[in-house]
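Predicted model only: the values in this text are computed from it and were never measured. Numbers here are sequence positions counted from 1. Atoms within each ligand, like the ligands themselves, are counted from 1 in listed order.
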Amino acid sequence: MARIGIIGSEGRMGQAIAALLDGGEHACAGGVDRGHDPADLAGHADALVDFSAPGALSVNLAAARAAGVPILIGTTGLGDEHHAMIDEAARDIPVLQTGNTSLGVTLLAHLVEEAAARLGPDWDIEVLEMHHRMKVDAPSGTALLLGEAAARGRGVALADNRESGRGHEFGGHTGARATGAIGFAALRGGTVAGEHSVIFAGEEERIVLAHSAENRAIFARGAIRGAAWLIGRPPGRYTMRDVLGL
Ligand SMILES: NC(=O)C1=CN([C@@H]2O[C@H](COP(=O)(O)OP(=O)(O)OC[C@H]3O[C@@H](n4cnc5c(N)ncnc54)[C@H](OP(=O)(O)O)[C@@H]3O)[C@@H](O)[C@H]2O)C=CC1
Ligand SMILES: O=C(O)C1=N[C@H](C(=O)O)C[C@H](O)C1
């Protein structure tokens with residue numbers, strides 16, 4: 001039985017993880033939220049899960065590193081500077097970072113990469129997502145993960161081909177779609193747990209690969225599985241694809 005410490009424990013995801021740990025295969029080592037140092041928690045946990053905010057990342061990684069415990073980063077809205085911090089910490093401890101811990105999205109990313117590789121650049125790729133009204137980052141971490149998978153399938157860098165936010169700031173004239181672009185669109189409303197579609201639009205036909213999250217338990221289940229999987233691994237940066245062998 002692993003003792004899992006939750007950073008962001010009072011949040012939607014923190015509560016979903018605590019609920020699954022209660023009476024489950026692994027135990028909850030406790031939780032921290034804004035204003036609380038995660039160092040103590042790291043000292044008596046076998047692994048940490050972080051579903052808080054990008055601004056908390058450096059403190060959370062430092063706590064995990066000092067205690068020598070693995071950490072799963074589920075927080076989204078990360079920038080290049082955050083990825084650099086994760087790479088740095090992964091020299092000393094196992095770190096798993098993912099925009100989506102669910103089994104379904106992990107498999108979807110695999111399928112998207114395969115489709116993008118086989119279809120080639122003549123098929124336009126658009127990633128569409130919808131989430132609940134409280135979500136603060138856009139596009140979602142999952143949309144970016146799927147965009148990265150599509151770019152990898154095409155053998156290009158997402159950063160060089162990303163196109164999002166078409167709209168009024170261009171006076172209504174956004175220009176024709178750039179060849180090879182991977183587009184992103186984000187919708188927000190209600191209590192949607194997470195909807196993602198990757199649309200491959202070709203000449204007179206379209207393929208849509210999609211995932212619907214019916215609730216947060218799917219993310220919580222994957223987070224617990226991922227955190228437990230990290231225990232005893234060598235230092236390094238891991239993904240859910242490593243956990244699931246995909
Ligand atoms: N990878 C995945 O599979 C998934 C990732 N997510 C991501 O997880 C994150 C959390 O989502 P969600 O639970 O819905 O968000 P919530 O806002 O409900 O929860 C975030 C929690 O973290 C706390 N928090 C904020 N800043 C800090 C800090 N500096 N240190 C410690 N705790 C802090 C918040 O406290 P306070 O309220 O005081 O700010 C809150 O309790 C988001 O980035 C979201 O996109 C969500 C679902 C699945
Ligand atoms: O904030 C959320 O709720 C979610 N965030 C993750 C993301 O940004 O993709 C995962 C999931 O879609 C729910």
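- Panel note: side chain Asp242, backbone Thr239; a donor-acceptor pair is recorded below 3.5 Å.
- Of the polar atoms of Gly141, at least one N or O is found under 3.5 Å from an N or O of ligand 2, judged by distance alone.
- In terms of protein heavy-atom proximity, atom 9 (O) of ligand 2 is nearest to Thr142 OG1, 2.5 Å.
- For the ligand labelled ligand 2, residue Met13 lies outside the 4.0 Å heavy-atom shell.
- The residues Arg65 and Glu88 are annotated as salt-bridged, a charged nitrogen and a carboxylate oxygen being separated by less than 4.0 angstrom.
- Asp160 places no side-chain N or O within 3.5 Å of a backbone atom of Val156 that could act as its donor or acceptor partner.
- At least one heavy atom of Ala193 sits under 4.0 Å from some atom of ligand 2.
- A 6.0 Å sphere centred on CD of Glu81 holds more than 12 heavy atoms belonging to other residues, nucleotides or ligands.
- Closest heavy-atom contact between Ile17 and Ala223: CD1-CB, 4.1 Å.
- Arg221 places no side-chain N or O within 3.5 Å of a backbone atom of Arg225 that could act as its donor or acceptor partner.
- Within the structure, the closest approach of His132 to ligand 2 falls below 4.0 Å when heavy atoms are considered.
- Less than 4.0 angstrom separates some heavy atom of His196 from each of these atoms of ligand 2: 12 (O).
- Scanning the protein heavy atoms around atom 5 (N) of ligand 2, the nearest turns out to be Lys135 NZ, 3.1 Å.
- With His44 contributing its side chain and Ala29 its backbone, the two residues share a donor-acceptor pair below 3.5 Å.
- Checking side-chain atoms of Thr98 against main-chain N and O of Asn100 turns up a donor-acceptor pair under 3.5 Å.
- In Glu129, neither the side chain nor the backbone holds a heavy atom less than 4.0 Å from any atom of ligand 2.
- Of all atoms in ligand 2, listed by their number and element, those nearer than 4.0 Å to a heavy atom of Ser140 are 7 (C), 8 (O), 9 (O).
- Side-chain atoms of Thr75 come within 3.5 Å of backbone N or O of Asp50 as a donor-acceptor pair.
- The contact set between ligand 2 and Phe219, taken as ligand atoms under 4.0 Å from a residue heavy atom, comprises 11 (C), 13 (C).
- For ligand 2, the polar-atom distance check against Arg216 finds no nitrogen or oxygen pair separated by under 3.5 Å.
- Salt bridge Glu113/Arg154: absent, no basic N to carboxylate O contact under 4.0 Å.
- Of the protein's non-hydrogen atoms, His131 NE2, 2.6 Å is the one closest to atom 12 (O) of ligand 2.
- The cationic group of Arg233 lies under 6.0 Å from the six-membered ring centre of Trp229 and within 45° of the ring axis, placing it in a cation-pi geometry.
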Q: Output, in order, the C-alpha distance, side-chain angles, deciding distance and verdict of side-chain contact (heavy atoms from CB on, under 4.5 Å) for Leu187 and Glu129.
A: CA-CA 6 Å; Leu187 310 180; Glu129 54 109 334; over 6 Å; no
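- Using a heavy-atom distance under 4.0 Å as the criterion, the protein contacts of ligand 1 are Gly8, Glu10, Gly11, Arg12, Met13, Asp33, Arg34, Phe51, Ser52, Ala53, Ala56, Gly74, Thr75, Thr76, Thr98, Gly99, Asn100, Thr101, Lys135, Asp137, Phe219.
- Atom 6 (C) of ligand 2 has Gly99 O, 3.5 Å as its closest protein atom, hydrogens excluded (heavy atom only).
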